[in-house]
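Quick note: numbers below take in every heavy atom, side chains included, and nothing from hydrogens, waters or symmetry partners. Ligands are counted one by one from 1 in listed order, and the atoms in each one are counted from 1 as well.
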Amino acid sequence: MEKLIVKGGTRLQGTIPVSGCKNAVLPIAVAASILGDGTSVLHNVPNLTDVKTLGAVLEGLSATIKFKNATLYIEPINHLEYEAPYDLVRKMRASIYVLGPLVAKLGKAKVSFPGGCAIGPRPIDLHIRGLEQLGAEVNVEKGYIYAQAERLVGTEMDLIGQHGPSVGATANVMMAATLAQGTTVIRNAAREPHISDLAHFLKAMGADIEGIGTSTLTIHGVKQLRGTEHTVISDDIEAGTYIVAGAITRGDVYVKGITPKQIPAISEKLVEAGVELDWDANGVRVTTPREIQPINVTTAPFPGFPTDMQAQIMGLLCLASGTSVIAENVHTDRFIHAAELNRMGANIMLDDSEATIKGVAKLSGAPVMASDLRAGAVLVAAGMAATGETAVSRVYHIDRGYESIEKKLNDVGANITRVNE
Ligand code: UD1
């Protein structure tokens, strides 16, 4: 296993390019592989282990996937395979995205039931409920979800869950509904930018979708979808992470390839914390001339503050001039990184789904462990701001969602080395 050795006390200066959005690529590659009837070409695809893992799931379903120079070439499945096995699905929960498209296209699916992960239990009841409402018969047996339907039939449904709209259920049901008979209306649909990107891709394939970017999606089913060419949007969370990296090192960085519309809540909260964001048409210049101000943050579905940025902003607030409170309302157990930050000298107290962060004057380097990809990212950022050396182990989590993290950061002045443990 590899770890990252981060030498602290560096100030970032220069341009950090943002890669394509992981959470957009995953469902788009599924749609291209299962729903399409011809070759699709996706541009701006990040080189990530999650993309490779999904590629293996899709190849297992008989799609042909080729990845070269940030471009993914996809020949769809040959309509024989409908099983996504445990060995592949357990590596990445997003494999559940194949469920709806397989039933829509082949009339049946057998997909391993995804397990829990470090950020909480993560149920899939909304995915199943949505597909049942489209007329699928869904059973869970021996760790597998079996779903079948001669042809899905459009209907009206509300996909609100206990913690608000669900990104995954919205994507799964929207993909399935494109080939259903009649019209499907999804109320309380997720509105994340990657859901809109998926919807735009499906439209380019020939799907008929209204309400993109709103919480009501109307999908008029069509008989067939074609392959198409698409450029994936840039990654909002990667951009947010590098903005925090600039701020926590008191640097002067330009994060290139992001728009304010993609990260409204992240921008608002960082500005409230004293980070200066100077936007232009291609990206944002980040400087932090004053002390970091303590703030309160509550995570929520888009356009609220994303749970996927909760760890990173916590890292920044560890160095604020007062006490901040973060309420985690999406993945309520997602706080494993707090204990690791405390190992670096932070002062974070947890109470259920709330973290109270008392700002400290400095962090000091320590051996720490990444528990998920965003937790890993904050430890790298904190390591750059800390005195001394931080060794971040379990880097494979970070590699799931950050393309060439140490290269991008070293190019702007960080001192990070990847070594074998
Ligand atoms: C996606 C993202 C993940 C992000 C999350 C929330 C991908 C591949 N992953 O995950 O990085 O943290 O959105 O922005 O895009 N829920 C249910 N029942 C369900 C589904 C979800 O109760 O059937 C709950 C979840 O436990 C969670 C909340 O709804 O509390 C939101 O989860 P959801 O939006 O579905 O997250 P994912 O799609 O799994």
Side-chain angles (χ1 to χ4, degrees), residues 20-31 46 48-51 53-54 57 89 91-100 111 113-133 138 140 145 157-175 186 188-199 215 232-233 235-238 240-241 262-263 265-266 298-312 327-337 353 371-377 397-398 400-402:
C21 178
K22 168 179 88 74
N23 288 349
V25 172
L26 300 177
I28 287 173
V30 168
L48 301 171
T49 47
D50 265 12
V51 176
T53 305
L54 183 74
V57 172
V89 174
K91 291 188 184 155
M92 191 183 59
R93 295 181 48 82
S95 310
I96 190 68
Y97 278 147
V98 304
L99 183 65
V111 179
F113 199 104
C117 68
I119 67 177
R122 301 183 77 182
I124 52 159
D125 55 307
L126 296 170
H127 300 240
I128 292 178
R129 203 178 77 200
L131 293 173
E132 282 177 340
Q133 285 182 271
V138 186
V140 179
I145 309 161
M157 66 177 81
D158 188 325
L159 276 188
I160 194 80
Q162 201 190 343
H163 302 286
S166 157
V167 168
T170 302
N172 222 333
V173 174
M174 174 169 59
M175 288 190 278
I186 305 176
N188 280 304
R191 285 185 283 164
E192 271 68 5
H194 40 281
I195 289 289
S196 299
D197 202 34
L198 168 65
S215 51
V232 175
I233 54 166
D235 197 303
D236 50 343
I237 305 300
E238 190 200 17
T241 303
Q262 289 174 269
I263 54 167
I266 298 171
T298 300
T299 64
F302 192 85
F305 190 91
T307 172
D308 286 354
M309 274 298 295
Q310 181 255 106
Q312 300 89 314
E328 174 53 77
N329 282 352
V330 179
H331 298 304
T332 48
D333 298 333
R334 189 178 201 173
F335 281 128
I336 299 179
H337 45 276
S353 58
S371 52
D372 74 68
L373 72 160
R374 309 304 170 190
H397 284 297
I398 301 177
R400 289 185 47 204
Y402 290 92

Check each atom of ligand 1 against the heavy atoms of [X] and keep those under 4.0 Å away; list them by number with element.
{"X": "H127", "value": "23 (O)"}
{"X": "V330", "value": "27 (C), 30 (O), 31 (C)"}
{"X": "G168", "value": "35 (O), 38 (O)"}

Residue among R400, R93, K91 satisfying side-chain hydrogen bond (donor to acceptor under 3.5 Å, both in side chains) with D50:
R400

So is [X] close enough to ligand 1, meaning a heavy atom under 4.0 angstrom away?
{"X": "H331", "result": "yes"}
{"X": "R334", "result": "yes"}
{"X": "P123", "result": "yes"}
{"X": "G161", "result": "no"}

Heavy-atom proximity to atom 35 (O) of ligand 1, picking from P306, S166, C21, points to S166

With backbone taken as N, CA, C and O and side chain as the heavy atoms from C-beta onward, which portion of [X] lies under 4.0 Å from ligand 1: side chain, backbone, both, or neither?
{"X": "Q162", "value": "neither"}
{"X": "D308", "value": "side chain"}
{"X": "I128", "value": "neither"}
{"X": "T307", "value": "side chain"}

Any side-chain to backbone donor/acceptor pair from [X] onto [Y]? Under 3.5 Å, distance only.
{"X": "D197", "Y": "I233", "result": "yes"}
{"X": "N188", "Y": "D158", "result": "no"}
{"X": "T299", "Y": "N329", "result": "yes"}
{"X": "Q310", "Y": "R334", "result": "yes"}
{"X": "E328", "Y": "V330", "result": "yes"}

May I ask you to test the S371-H397 pair for a side-chain heavy-atom distance under 4.5 Å?
no

Could you tell me whether the side chain of I96 reaches within less than 4.5 Å of the side chain of V89, counting heavy atoms only?
no

So is there a nitrogen or oxygen of [X] less than 3.5 Å from a nitrogen or oxygen in ligand 1?
{"X": "H194", "answer": "no"}
{"X": "A94", "answer": "no"}
{"X": "A169", "answer": "no"}
{"X": "L26", "answer": "no"}
{"X": "G164", "answer": "no"}

Using salt bridge (Lys or Arg N to Asp or Glu O under 4.0 Å) as the criterion, list what pairs up with E192, not counting sequence neighbours.
none

Nearest heavy-atom contact between P46 and G20 is CG-O, 3.2 Å

Minimum heavy-atom separation for H337 to A375, with atom names?
CB-CB, 3.8 Å

